[in-house]
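Chain letters run A, B, ... following the sequence lines, proteins first and then strands; every chain starts at 1. All of these numbers come straight from a predicted model, not from anything done at the bench.
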Number of protein chains: 2
Amino acid sequence: MKNPKVLIVDDEKNIRDLLEAGLKFAGFSVYSVGTGTEAVTVAEKAKPDIMILDVMLPDQSGFSVTKKLRSMNIDLPVLFLSARDDRGDKVTGLTVGGDDYMTKPFSIDEVIARIQAILRRTKKQDVEDSIIEVGEIKINQDAHEVFVNGTEIELSPTEYKLLRFLMANANRVMSKDQILDHVWEYDFNGEQGIVESYVSYLRKKIDPLSKNQLIQTKRGVGYIFRVAKSEE
Amino acid sequence: MKNPKVLIVDDEKNIRDLLEAGLKFAGFSVYSVGTGTEAVTVAEKAKPDIMILDVMLPDQSGFSVTKKLRSMNIDLPVLFLSARDDRGDKVTGLTVGGDDYMTKPFSIDEVIARIQAILRRTKKQDVEDSIIEVGEIKINQDAHEVFVNGTEIELSPTEYKLLRFLMANANRVMSKDQILDHVWEYDFNGEQGIVESYVSYLRKKIDPLSKNQLIQTKRGVGYIFRVAKSEE
DNA sequence: AGGAAACACTCAGGCAACCTTAAGGTTTTC
DNA sequence: GAAAACCTTAAGGTTGCCTGAGTGTTTCCT
């Protein structure tokens with residue numbers, strides 16, 4: 001199947017829209033509802049491949065939605081969303097098979113990565129491979145490992161997400177605003193300076209092991225992960 | 001499809017007219033409205049391929065327009081416009097997915113370049129290629145790179161825009177006023193002298209690597225990017 | 001042809017924006 | 001309670017933008 005179908009269930013419309021825009025662009029077919037009741041209806045009719053489910057819904061808890069679906073023999077993997085500090089919820093949510101769990105606020109690219117990871121695990125879809133390799137760098141997303149010319153380097157979570165984003169958009173300049181929108185959590189309110197800082201951290205770890213300056217600055221424009229400059 | 005359709009949404013008529021003229025000339029079919037309500041109507045009926053949307057509209061915010069459209073399952077990429085210094089408006093999610101973001105005042109040719117970049121990325125249209133090659137010079141728009149006979153040169157943003165404009169109109173004289181109108185921001189209030197300065201900067205970087213004088217002066221008329229002079 | 005006027009080119013300088021790096025404080029994690 | 005990760009801030013250097021002045025070049029008029 002070419003376009004995996006995602007059902008988004010969240011009562012905050014802003015969040016739904018954000019997820020919808022990001023997921024559509026990433027190649028998913030998107031259904032989006034605001035209540036648990038609708039979720040059950042759409043899940044039955046549209047037969048999505050995966051569901052993004054807020055655990056705090058106005059009409060019923062997210063878990064009761066999954067129970068209802070299982071009782072109807074509709075079996076689909078779930079990416080749970082919850083507000084931070086719901087530690088209690090986490091345990092319950094994770095008891096079942098291929099599911100995963102994220103806290104709000106999230107970064108949009110992280111959601112996409114998790115969804116692809118779940119689909120990969122449940123093996124029902126053609127999804128992006130777990131391994132991204134661009135030029136001298138190879139990332140294993142499942143293992144969270146990064147290799148520069150075969151040597152592993154340790155990256156902090158933010159560094160990792162930044163690198164993954166730049167590599168996913170290799171050979172294309174990304175503005176600092178774009179980077180903020182994709183890599184940082186959606187409610188992040190800081191300035192672009194933080195992107196500059198993290199690019200600096202990344203370079204410090206990557207450059208000693210690479211032949212070329214892989215992350216290049218385009219002054220006044222943004223940053224670019226650059227390979228294969230001469231011929232294309 | 002030959003002529004991509006653009007929907008312009010802005011309450012300032014001046015801006016609408018400016019965009020409309022520029023985009024029509026660039027080969028787009030243009031629809032232009034002044035309110036969010038109209039935008040929704042036209043987007044539904046005319047099915048444009050992309051929308052240019054001011055985030056500050058009189059009747060509703062630009063974001064609510066995109067939300068409404070998404071809830072109606074009308075999915076089109078957006079180039080957001082906003083006034084500079086709208087720190088408050090800087091809501092995350094602006095550039096999520098295939099969308100992009102520009103601040104006013106802009107240069108008209110930069111808008112066209114961004115629109116083509118978005119359409120290229122969303123792959124729904126036959127648009128100009130990312131690479132412009134005229135004579136001895138090759139520009140990679142995605143990477144913001146410029147090569148003269150295979151050697152890369154570094155250009156500042158303004159130099160880059162000026163060169164792109166001259167190359168897009170190769171073998172045709174462009175007056176200094178035309179250049180100001182297309183390359184500089186629409187509210188730029190300076191003199192033509194600045195064009196002379198920037199042509200000078202460009203030549204200093206280009207000429208050492210080129211066999212011919214690529215940017216030529218037409219006294220009393222303007223400048224021309226000249227190739228294939230012998231036969232025509 | 002001579003000279004004035006218009007046009008064009010280059011350069012230096014002031015200011016603003018941008019980039020990098022480092023240091024320190026806060027939050028999170030174990 | 002210590003370590004790691006994260007964010008902010010600021011200093012300092014660099015680059016980019018624009019202006020204005022000085023010089024060079026062409027055109028045009030007498």
Side-chain angles (χ1 to χ4, degrees), chain A residues 83-87 90 102-107 110 144 146 153-163 166 173-180 183-208 213 215-224, chain B residues 84-85 87 92 103 105-107 110 144 146 153-163 166 173-177 179-180 183-208 213-224:
Chain A
R84 201 150 270 173
D85 273 319
D86 292 8
R87 295 288 143 198
K90 181 168 183 174
M102 291 189 72
T103 52
K104 295 182 191 177
F106 47 77
S107 95
E110 188 61 20
H144 246 255
V146 180
I153 58 175
E154 295 291 331
L155 299 183
S156 81
T158 307
E159 290 163 1
Y160 175 85
K161 282 181 241 166
L162 173 58
L163 177 61
L166 290 175
V173 184
M174 293 288 121
S175 74
K176 280 175 256 184
D177 276 333
Q178 277 176 306
I179 295 173
L180 277 177
V183 175
W184 267 260
E185 296 167 350
Y186 58 75
D187 70 341
F188 178 69
N189 224 0
E191 298 296 317
Q192 300 181 341
I194 196 170
V195 178
E196 299 161 7
S197 290
Y198 272 85
V199 167
S200 160
Y201 301 154
L202 259 186
R203 291 212 261 235
K204 208 180 293 181
K205 295 185 178 177
I206 291 173
D207 286 356
Q213 164 102 332
I215 303 174
Q216 295 175 5
T217 305
K218 291 287 163 183
R219 272 196 160 250
V221 188
Y223 296 95
I224 182 171
Chain B
R84 201 154 271 172
D85 272 319
R87 296 284 158 197
T92 314
T103 53
F106 46 77
S107 93
E110 189 60 20
H144 252 255
V146 180
I153 58 175
E154 296 289 332
L155 299 183
S156 80
T158 307
E159 291 162 1
Y160 174 86
K161 283 181 240 165
L162 173 58
L163 176 60
L166 291 174
V173 185
M174 293 288 121
S175 75
K176 282 176 238 181
D177 276 334
I179 295 173
L180 277 178
V183 176
W184 267 260
E185 295 170 350
Y186 59 74
D187 69 342
F188 178 69
N189 228 356
E191 300 296 318
Q192 299 183 341
I194 197 170
V195 178
E196 299 167 6
S197 288
Y198 272 85
V199 168
S200 161
Y201 300 153
L202 260 185
R203 292 211 260 235
K204 203 186 297 180
K205 294 183 177 177
I206 291 174
D207 288 354
Q213 164 102 334
L214 296 179
I215 303 175
Q216 296 174 5
T217 306
K218 293 287 168 187
R219 273 207 151 239
V221 189
Y223 296 95
I224 183 171

Just how far, in rounded Å, is [atom2] of [N] from [atom1] of [X]?
| X | N | atom1 | atom2 | answer |
| --- | --- | --- | --- | --- |
| B:Leu202 | C:dC9 | CG | C1' | 14 Å |
| A:Phe188 | D:dA5 | CZ | P | 18 Å |
| B:Leu162 | D:dC18 | CG | P | 12 Å |
| A:Glu154 | D:dA3 | CD | C1' | 15 Å |
| A:Glu196 | D:dC7 | CD | C1' | 13 Å |
| B:Gln192 | D:dT19 | CD | P | 12 Å |
| B:Glu159 | D:dC17 | CD | C1' | 10 Å |
| B:Gln213 | C:dC9 | CD | C1' | 11 Å |

Check: Crowded around B:Glu191 CD? As in, over 12 foreign heavy atoms under 6.0 Å?
Finding: no
Margin query: For a quick test of reading the model, state the closest non-hydrogen atom pair linking B:Leu214 to B:Asp207 and the distance between them.
Written below: N-OD1, 4.5 Å
Next item on the list: List the atom of B:Arg203, the atom of B:Pro208, and the distance in Å for their closest heavy-atom pair.
Entry: O-CD, 3.8 Å
Item checked: Most 5' of A:Gly193 and A:Tyr201 on DNA chain C, judged by nearest nucleotide -> A:Gly193
Check: Does any N or O donor sit under 3.5 Å from an N or O acceptor when you compare the side chain of B:Arg219 with the base of D:dT25?
Finding: yes
Notebook entry, point to check: Relative to the ring of A:Trp184, is the ring of A:Phe188 parallel (under 30°), tilted (30 to 60°) or perpendicular (over 60°)?
Noted result: tilted
Next item on the list: Classify the ring geometry between A:Phe106 and A:Tyr186 as parallel (under 30°), tilted (30 to 60°) or perpendicular (over 60°).
Entry: perpendicular
OP1 or OP2 of [N] under 4.0 Å from side-chain N/O of [X]:
| X | N | answer |
| --- | --- | --- |
| A:Thr158 | D:dC6 | yes |
| B:Ser200 | C:dC9 | no |
| A:Lys204 | C:dA22 | yes |

Next item on the list: Describe the nucleic acid contact of B:Tyr223 in one word from base, sugar-phosphate, nothing, applying a heavy-atom distance below 4.0 Å.
Entry: sugar-phosphate
What's the closest nucleotide to the side chain of [X] if the choices are [options]?
| X | options | result |
| --- | --- | --- |
| A:Pro157 | C:dC9, D:dC7, D:dA5 | D:dA5 |
| B:Ser156 | C:dT20, D:dC7, D:dG16 | D:dG16 |
| B:Ser197 | D:dG16, D:dG20, D:dT8 | D:dG20 |

